[in-house]
Amino acid sequence: MEILIRGLRYIVTQDDHRRILKNSSILIKEGIIESVGKADGHADYIVDGRRFIAIPGLINTHAHVPMTLFRGVADDMELFPWLQEKIWPMEANLKPYHIKAGTELGILEAVKTGTTTLFDMYFFEDVIAEVFTKFGVRGVLAEAILDFGTPECKDADTCINIADRFVERWRGHQLIKPGYGPHAPYTVSPERLRCISERASDNNSLIQIHLAETEREVNEVKERTGKRPIDLAMDTGILGPKTIAAHVVWPSEREIELLAQSGVLVSHNPVSNLKLASGFSPVPDMISRGVKVSLGTDGPASNNLMDLMETIKVTALIHKAVKKDPTAMPAQLVFDMATRIPGDLLDWKIGRIEPGFEADIVLLDTKLPWWTPLHSVISHLVYSARSTDVKYVLIRGNLIVENGIFTKKDEDEIMMEAEKASLDLLDKSGVSSMLKSMD
Ligand SMILES: [Zn+2]
């Protein structure tokens, strides 16, 4: 199958020279980018690119996709009561049926807003991986592990066994990178973190963990173990170049050094941090000290979107204000954090539009008032673009969104099923919702 995207207004290559090409084309053969530039001629499928800019598909490095079902159920609460009184009771009733419906909705939202690779840490990860592959979307997926068990497993040892089987089943899949998801240093003991780190290294798989998200977490972990969370995680061997650490809002100076040395990829989740009042992650300081930082949305219960374009803009704005320095987070750097920085960590060739790279490409409509006049493509992408400008999404050359419409399943059906699953879950958990009193 050959796809030609012809005469694009611009191509944001994200290559080493950050080239932006004008009036250029992209030729895709069997899911791989064949050429970028003056390609022309015939193909099995041709897109007229004149009103579009092409960008590499966005990479969202922290999410809990099925939590779309909890969107708006409990807002404006502190993290710990929010988890203990709302989220965990609802999660206790989760069944694969809910997971499937929530994942379908989450993927629909993510791809329609420009994301082509989605990281996930949750339960029933097998069910989640099946939805990802059915829809043809790239997933870096981690089975969650907690000391007190999860809806899928009664205790941590069972969780670890399930994670082992999950990694075994999906290893080597074209679209899935399976891994382990020890929830956080305050929910997984140091001994278990050590054990998970060994398993992941034996299986050559990724680890996803929440780390230093709140000041309360830092104090609790320090009280219990005598160490701060990142320091402790480092001791257990869990931090390395195959680990994604979400949040990292409260690292000490020494811990920033440890993060840089370990090669861990930090996932910055500013919208969740703002909503839960967790604090401001020192992202510019971490970057200047050599820490690799990417972007995530976190779950839709604490954002409430899975829209990485929004996260890109918030990231660019928030650190300027915190540092009182408008040069603190340049647009190009923030766009790198959503594309080539996490792309380089994975051994898929993604995050750039270059020959030989996977054809994970997003086309945004630019014939719109907020794109006009188009003086700077990168500035507009970060400060002016809206996720509704996304009109085409390709993943491995597979057309997932065509002219604004999801091609893999009827969108109304996905939304209806998710609403039904969400209501069912709330009913079983005794949690109230406006939705129940409607119709
Ligand atoms: Zn999270």
Side-chain angles (χ1 to χ4, degrees), residues 59-71 73-75 77-84 86-88 90-91 94 99 102-103 106 109-110 115 117-125 128 139-147 150-152 159 163 179-188 193 196 206-218 221 229-230 233 238-239 243-251 264-279 281 283 293-308 310-311 314-315 342:
I59 302 172
N60 180 349
T61 59
H62 185 64
H64 312 287
V65 181
M67 290 182 89
T68 45
L69 300 188
F70 304 158
R71 196 195 322 262
V73 168
D75 293 326
M77 293 180 73
E78 280 183 41
L79 176 67
F80 279 75
W82 176 76
L83 284 172
Q84 285 159 356
K86 301 286 182 181
I87 298 300
W88 287 341
M90 284 193 287
E91 286 182 335
L94 278 170
I99 298 284
T103 305
E109 180 186 353
T115 293
T117 299
L118 198 44
F119 285 47
D120 184 74
M121 180 214 281
Y122 215 55
F123 331 112
F124 301 103
E125 207 63 52
I128 295 172
V140 179
L141 311 178
E143 178 76 28
I145 299 163
L146 287 92
D147 276 349
T150 75
E152 194 180 2
C159 292
Y180 296 81
H183 176 262
Y186 64 93
T187 48
V188 185
L193 288 177
I196 293 164
L206 298 166
I207 294 172
Q208 300 184 42
I209 186 168
H210 295 98
L211 204 54
E213 178 175 359
T214 62
E215 205 171 11
R216 177 172 164 178
E217 172 191 335
V218 175
V221 171
I230 298 170
I238 208 109
L239 298 184
T243 299
I244 297 94
H247 299 298
V248 192
V249 179
W250 294 94
V264 68
L265 180 73
V266 168
S267 177
H268 176 43
N269 293 228
V271 179
S272 170
N273 299 156
L274 286 168
K275 183 163 182 258
L276 294 169
S278 306
S281 173
V283 171
V293 185
S294 60
L295 298 179
T297 53
D298 209 357
S302 60
N303 184 303
N304 295 358
L305 298 171
M306 297 230 307
D307 179 347
L308 205 68
E310 180 187 69
T311 296
V314 170
T315 302

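What's counted below: heavy atoms across the whole structure, side chains too, no hydrogens, waters or symmetry copies. Read the numbers this way: they start at 1 and go in the same order the structure lists the ligands and their atoms. Just so we're clear, the structure is a prediction, and the values are computed from it rather than from any experiment.
Inspection of the environment of the Zn ion (ligand 1) yields the following protein N, O or S atoms under 2.8 Å: His62 NE2, His64 NE2, His210 NE2, Asp298 OD1.
Looking at Glu143, Glu152, Glu91, His64 one by one, the single match for side-chain hydrogen bond (donor to acceptor under 3.5 Å, both in side chains) with Tyr122 turns out to be Glu91.
With respect to the salt-bridge test (charged N to carboxylate O, under 4.0 angstrom), the residues Lys275 and Asp75 qualify.
One finds the OH atom of Tyr180 at 11.0 Å from the CD1 atom of Ile238 (value rounded to the nearest 0.5 Å).
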Worked verdict on Leu239 versus Leu211 for side-chain contact (heavy atoms from CB on, under 4.5 Å): CA-CA 10 Å; Leu239 298 184; Leu211 204 54; 3.8 Å; yes

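Distance alone, capped at 3.5 Å, is enough to place a donor-acceptor pair between the Asp307 side chain and the Glu310 backbone.
Aromatic ring centres of His62 and His247: separated by under 6.0 Å.
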